[in-house]
Amino acid sequence: MSTHPLIAARNEGPNALLLGMDRGQLADYFTGLGERPFRAQQVLQWVYQRGELDFGGMTDLSKALRERLTVEASLQLPTIRSEQRSADGTVKWLIEVGAGQAVETVFIPEPQRGTLCISSQAGCALDCSFCATAQGGFNRNLSSAEIIAQVLLANQSLGRRADGGWPVTNVVFMGMGEPLANYRNVVPVARLLIDDFSYGLSRRRVTISTAGLVPQLRKLAADAGVALAVSLHAPTDELRNELVPINRRYPIAELLDACWSYADGPGGRTITFEYVMLDGVNDSIPQARDLAALMRGRPGKVNLIPFNPFAGTRYRRSPKQRIEAFRNELVKRGALATIRRTRGDDIDAACGQLAGRVADRIKRRLGAKLRRT
Ligand code: SAH
């Protein structure tokens with residue numbers, strides 16, 4: 001059947017899940033059926049542009065092909081278990097992904113755009129000390145279908161805008177999980193989001209956020225050149241080792257080197273560095289100076305995120321004046337810096353508050369492994 005390395009496993013069997021396959025994967029699937037590869041473009045348009053999930057309704061496919069797909073293929077979406085609306089218009093969905101697991105997806109409306117924050121894993125194995133997702137541990141990678149389904153479900157559930165367009169105009173991989181730890185499933189989704197036969201979002205409107213998995217980051221520009229955000233959070237390895245333990249494997253100098261190379265690629269231009277403001281931990285003026293020095297002459301901008309608390313955390317949010325002083329120090333030293341407006345915190349939908357429902361499987365094991373290195 002298919003020779004495409006990314007779908008070898010998923011394409012077998014009588015019920016091929018077509019959701020989440022990028023154009024190349026889908027073209028391989030149709031070639032495998034003895035069909036012309038451009039069937040992929042037609043199906044992408046039906047599913048992602050028109051929201052048609054019934055093969056029977058895809059009227060520009062032959063009747064025989066429609067019947068065959070109805071038997072042999074599927075576009076099954078996961079189900080929404082609950083929906084919560086914040087006073088500021090933010091919407092959070094809890095989406096079931098089987099075996100009692102559920103992940104969260106957040107829609108953040110703004111006057112000129114609608115940003116969807118999607119999850120890439122059920123839980124997270126990276127164990128960042130200030131993140132609620134880390135507390136719940138890790139269960140598994142989401143499939144490409146489960147990741148792109150979040151966009152479909154959000155668009156369906158919000159309904160088309162007055163001008164006929166879908167409400168989701170920007171997508172950020174900033175929900176639960178570390179997207180680059182689920183590289184093989186995240187890449188087809190990133191490609192789908194920017195494919196003109198699918199959603200056709202511009203590369204600048206799709207952002208992958210990573211805690212810093214350097215080997216995958218070095219491949220990403222060639223595989224899916226979308227915008228990049230990096231969770232930096234500390235200007236020195238000593239502090240970053242504590243906040244973002246993956247730093248012990250890929251320290252700051254190595255990470256930044258990979259970032260500056262990424263900036264030369266198609267999704268590049270400017271890399272966003274996320275920096276969560278933790279009271280008395282990483283928010284001093286000398287730390288702002290060190291951070292500005294890392295950015296000097298580089299295509300980076302710093303996005304300061306006021307810490308969002310969750311049950312059991314030992315951290316507190318830096319006071320507003322300190323966040324502003326930190327930003328001013330960065331700007332004074334020539335760095336680009338903004339402060340992220342907190343959205344949806346009344347429904348625990350803000351950055352770092354997504355917990356979902358995850359049965360932890362590996363957290364202790366990975367924690368032990370990281371402590372040894
Ligand atoms: N694993 C990826 C995707 C998560 S993105 C990454 O680390 O980039 C979510 C962003 O919110 C990251 O920058 C993360 O560091 C930040 N974050 C995590 N916990 C937070 C909290 N409690 N308050 C504010 N931001 C937080």
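Atoms within each ligand, like the ligands themselves, are counted from 1 in listed order. Since the model is a prediction, treat every value here as computed from it, not as a measurement. Reckoned from all heavy atoms, side chains included, excluding hydrogens, waters and symmetry mates. Residue indices begin at 1 and follow the sequence shown.
When non-hydrogen atoms are compared, ligand 1 lies under 4.0 Å from neither the backbone nor the side chain of Gln353. Contacts between Glu274 and ligand 1, counted as non-hydrogen atom pairs separated by less than 4.0 Å, involve the side chain only. At a heavy-atom cutoff of 4.0 Å, ligand 1 is contacted by the side chain of Val276 but not by its backbone. Of all the heavy atoms of Phe130, the ones lying under 4.0 Å from any atom of ligand 1 are found in both the backbone and the side chain. With a heavy-atom cut-off of 4.0 Å, Leu126 does not touch ligand 1 at all.
Annotation: atom 11 (O) of ligand 1 to nearest protein heavy atom, Cys351 CB, 3.6 Å. Of all protein heavy atoms, the one closest to atom 15 (O) of ligand 1 is His233 NE2, 2.6 Å.
Checked options Ile339, Val331, Val302, Leu304; the residue passing with Phe326 is Leu304 (criterion: side-chain contact (heavy atoms from CB on, under 4.5 Å)).
The shortest N/O to N/O separation between Arg340 and ligand 1 does not fall below 3.5 Å.
If you number the atoms of ligand 1 from 1 as listed, the ones under 4.0 Å from a heavy atom of Gly175 come out as 4 (C). Per-residue contacts place Cys131 under 4.0 angstrom from the following atoms of ligand 1 (heavy atoms of the residue considered): 18 (C), 19 (N). Numbered from 1 in the order shown, with element, the atoms of ligand 1 that lie under 4.0 Å from a heavy atom of Ile305 read 24 (C), 25 (N).
Assignment of Gly177 to the shell around ligand 1 is supported, since a heavy atom sits closer than 4.0 Å.
With hydrogens and angles ignored, the 3.5 Å screen pairs no side-chain donor or acceptor of Arg333 with any backbone N or O of Arg289. Side-chain atoms of Gln49 come within 3.5 Å of backbone N or O of Asp196 as a donor-acceptor pair.
Cation-pi check for Arg161 over Trp166 is not met; the charged atom does not lie both under 6.0 angstrom from the ring centroid and within 45 degrees of its normal. Remark: Lys219 qualifies as a cation-pi partner of Tyr183 under the 6.0 Å distance and 45° angle criteria applied to the six-membered ring.
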